[in-house]
Amino acid sequence: MRKFVNKVNAKITEKVIMAQTLLRSQRGEGFVDTAIKILISVVIGALVLGGLYALFGETVLPTLKQRIQDMFNYGG
């Protein structure tokens, strides 16, 4: 019985020391940091996609359409 009590006591002491070490640790990345990174990447991605959509919708596609019509305009 004494062995069992000593073994449990050692395990509890080990876990307490590990918990104290983790709580004092200043390194690592938290959930808030990860959430902010994901949010920033989503916003930047949306801005890039919006810019590309505007660029293709107003500049590239009308010019491309006109060039294709000019290319197949056999009448002159």
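All residue numbers in this chain count up from 1 along the given sequence.
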How far does [atom1] of [X] sit from [atom2] of [Y], to the nearest 0.5 angstrom?
X     : Y     : atom1 : atom2 : answer
Lys37 : Asp33 : NZ    : CG    : 6.5 Å
Glu14 : Ile12 : CD    : CD1   : 11.0 Å
Met71 : Ile68 : CE    : CD1   : 6.0 Å
Arg2  : Asn9  : CZ    : CG    : 11.5 Å

Of Leu23, Leu22, Val16, the residue whose pairing with Gln20 passes side chain to side chain contact (heavy atoms under 4.5 Å, CB included): Val16
Under 4.5 Å between side-chain heavy atoms, hopping through other hydrophobics if needed: is there a path connecting [X] to [Y]?
X     : Y     : value
Val48 : Leu55 : yes
Leu52 : Val60 : yes
Leu61 : Phe72 : yes
Ile36 : Ile44 : yes

- prompt: Is a donor on one side and an acceptor on the other found under 3.5 Å between the side chain of Thr59 and the backbone of Phe56?
  reply: no
Any donor-acceptor pair under 3.5 Å from Ser25 side chain to Thr21 backbone: no
message: Quick one about Asn73 and Gln69 (side-chain donor to acceptor, distance below 3.5 Å, no hydrogens or angles considered), yes or no?
response: no
